[in-house]
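Proteins come first, then strands; the chains are lettered A, B, ... in the order of their sequence lines, and each starts at number 1. Everything quoted here is computed from the prediction, not taken from an experiment.
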Amino acid sequence: MTATETGHASTNGQGPPGAGHVIDHSTQAILDRMAELHPTGQAPAAIFNDRGIFELEREKVFAKSWLYLGHESEIPEPGDYVLRYLIDDPFIVIRSEDGEIEAMHNHCRHRGMQVCRSEMGNASHFRCPYHGWTYKNDGSLVGVPVQKAAYGDTLDKSELGLLKLANVDTYNGMIFGSLDDDIVPLDEWLGDIRWYLDLFTTRSPGGLQVVGAPQRWIVDVDWKIAGENFIGDSYHTLMTHRSMVELGQAPSDPKYAMYGEQIHVPGKGHGAMCIGAPPGSGLPPMFGYPDDFIERARESIPTPEQYEVAKETRIGLCTVFPSLSIHNPIRRPDTEYEGSIPMMTWRTWNPIGPGKISISSWFLVEKDLSEEFKQLSSWSYLRSFGISGTFEQDDTEIWTHIARNAGTFTGRNQTVNYQMGMELEPDEDWPGPGVAQPVNFTDANLRNFYSRWLEMMTA
Amino acid sequence: MSDDVDAAMRRQYEVEQFLVHEAELLDESRLEEWLGLVTDDVVYQVPVRINREQTGETRVTGVRTDSFHLDENRASLQMRVDRVATGFAWAEEPPSRLRHVIGNVRVAAPGEAVSEHLDLDALGDDDLVVRSNLLVFRSRGDRPEHDLLAAERHDLLRRVDGGFRLARRLVVLDSTVVPTLNLAFFF
Ligand code: FES
Ligand SMILES: [Fe+2]
């Protein structure tokens, strides 16, 4: 087929991009190009900044996925709640009086006012500020002002409780919800990525705690570009984070990413990276957590294989399709600190427009670590990742320009490249599930991520 | 004028001169010079802010004491400054056009506590607690859009060698969701 027949521009880089070509920018044409390019390890840039793609993603991907809502430790007591968004819908994620976790649409059944406007707290009731309909914290409508005079006996309160998400479930304390009533169970959705989530969530018998409230900020980037970076892009570290390499805060050995495994879960889009230590680096085991912690982990991590993998990991990453990423690297709280203090951050990349996301970034730490360790770990986090992180600052700066280029007149006709490591054979000796590559210089996780994306978008 | 008014005016003048000088250094990204204005034991914090109803006395709600956007000591500030100096800190290379506009400078009389956010145990006899309002304008790239952040700063200024040094800064942002792509600059 010629370029004109398939409706896309020359991608050989030989001439001015897009010049002289008639390009079909319909959502369908972009998806057709994606379907054609994907097997070759490429994608059309237009998927990163296009209104039609954005609208379709909300409908086909986000409304049909299990999405991360929060962590159980954020709402430990009955009546504790946090406000969280699924796409742009506000939900009250609450622990009920009998300890169950529920998510209720923050949307009054009378005329649609938000019944809760505090982002976290503890409540027995939510009273709508418009006309005063009052709901118990289980969502049932219990009070309608002057009901008799206003409605006589025509109003059936039992039909007018706050709408609840049919699907809310947890895995190791992680709360997920889905707008899709027919979605597969959470366990099935997560599949083999659970083995890797365990590495971050089961290391301590006391469990994890989210500390405080998340940082939230807005970045002009597509959610997939952010997720990409956390699912399988060790390649960017040396250049994007060169300032930190120069300061001795990131490894200068370009082969660093060779010492680690990149794993993806076929058909599900999820991926993980377990980056180890190059010979002679002298890095302590298991991210640099304290010795007694590592001993306790031996008991609480489900299997000996997982324990061994966790022990060999110094930088861990995990992305649950579509929009939750976990990062757990060995770090230092500041340049003067002798030794290593790991940190862990979980974040969601929530699309709020074409080429625009809202990031929520949480800091987590195991409850049974010392207060001193928690403090140091929070500094390791704040000074490397999150809105002011000396690493993440440069990621967000770069991502915005990619998203911008993906929306320009000819830039949207370009392709992006995910061809690294296409010839690699999987590592058959890897003890964990999924498809593993013995190096991180590969785009295998990204190709798998986009396979899932394409499958959902065209379903 | 009474001696009291005279002394207060003098304090106000000295503090404002210091804050304006500091803002100039931050606007022009003369960060090594700016670091010269902070003490070795400096604590520099920007707490996360959330939307909350009034629960206690104050209507200034949702200022977290357990989560931060920045929580810095001297060494970590130095790391951030050194990072920009490498020339590879893309978040500020090319540099943003920054404008710090300070107003409503409130200087407490010595011994008078005016900030519920600062740990005043650290307050020495000559130290001053200063609150100021701040607008930071940030323009990046070749587009007209800009980011605008508003905050109240709670500072503890220490007198050192006839001048001031910044010993504490707590920046109470007026945003919950922060409207800029990163905090690669100082308030
Ligand atoms: S909209 Fe809630 S009571 Fe009317
Ligand atoms: Fe990065």
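- Residue contact with chain B, scored on non-hydrogen atoms closer than 4.5 Å, involves the side chain of A:Arg404 exclusively.
- Applying the 6.0 Å contact sphere to CZ of B:Arg52 captures more than 12 heavy atoms from other residues, nucleotides or ligands.
- Salt bridge A:Arg347/A:Glu392: present, at least one basic N to carboxylate O contact under 4.0 Å.
- At a 4.5 Å heavy-atom cutoff, the contact between A:Thr400 and chain B is made by side-chain atoms alone.
- For chain B, the nearby part of A:Leu247 is the side chain; its heavy atoms alone come within less than 4.5 Å.
- Taking 4.5 Å as the limit, some side-chain heavy atom of B:Leu128 sits within range of a side-chain heavy atom of B:Val107.
- Proximity to chain A at a heavy-atom threshold of 4.5 Å picks out B:Ala89, B:Trp90, B:Ala91 from residues 89-99 of chain B, in numerical order.
- For A:Ser377 against A:Pro342, the heavy-atom pair with the smallest separation is OG-O, 2.8 Å.
- Within a 6.0 Å sphere centred on CZ of B:Phe137, heavy atoms belonging to other residues, nucleotides or ligands number more than 12.
- Inspection of non-hydrogen atoms places no residue of residues 13-32 of chain B under 4.5 Å from chain A.
- Note that A:Arg331 lies in the cation-pi zone of A:Phe391, set by a 6.0 Å cut-off to the ring centre and a 45° limit from the axis.
- In this structure, the side chain of B:Ser132 does not engage the main chain of B:Asn104 through any donor-acceptor pair within 3.5 Å.
- Side chains of A:Ser361 and A:Thr345: a donor on one and an acceptor on the other come within 3.5 Å.
- Under a 4.0 Å N-O distance rule, the pair B:Arg131/B:Glu152 qualifies as a salt bridge.
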Show your working on side-chain contact (heavy atoms from CB on, under 4.5 Å) between A:Phe126 and A:Met104 and close with a plain yes or no.
CA-CA 11 Å; A:Phe126 297 101; A:Met104 308 183 294; 4.0 Å; yes
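- In this structure, the side-chain hydrogen bond (donor to acceptor under 3.5 Å, both in side chains) partners of A:Glu371, at least two apart in sequence or on a different chain, are A:Lys374.
- Of the residues considered (A:Gly389, A:Ser388, A:Ser358), A:Ser388 shows the highest number of contacts with chain B, using heavy-atom pairs under 4.5 Å.
- Your options are B:Val48, B:Thr55, B:Asp147, and the one with the most heavy-atom pairs under 4.5 Å with chain A is B:Val48.
- Of residues 59-87 of chain B, those residues lying under 4.5 Å from chain A by any heavy-atom pair are B:Arg64, B:Asp66, B:Ser67, B:Phe68, B:His69, B:Leu70, B:Asp71, B:Glu72, B:Asn73, B:Ala75, B:Ser76, B:Met79, B:Arg80, B:Asp82, B:Arg83, B:Thr86.
- Taking the centre of each ring, A:Trp346 and A:Phe363 stay at or above the 6.0 Å mark.
- For the options A:Asp334, A:Val221, A:Ile359, A:Ile387, heavy-atom pairs under 4.5 Å to chain B are most numerous at A:Ile387.
- Of the listed residues A:Asp395, A:Thr240, A:Val245, A:Ile398, the one with more heavy-atom pairs under 4.5 angstrom with chain B than any other is A:Thr240.
- Annotation: A:Phe91 is in aromatic contact with A:His105 [ring centroid separation under 6.0 Å].
- In this pair, B:Trp34 and B:Phe186 present their aromatic rings parallel. The plane angle is below 30°, not in the 30 to 60° band.
- Minimum interatomic distance between A:Leu238 and A:Ser252 (heavy atoms only, all atoms of both residues): CD2-O, 4.0 Å.
- Side-chain contact between A:Leu376 and A:Phe373 is absent, with no heavy atoms from C-beta onward closer than 4.5 Å.
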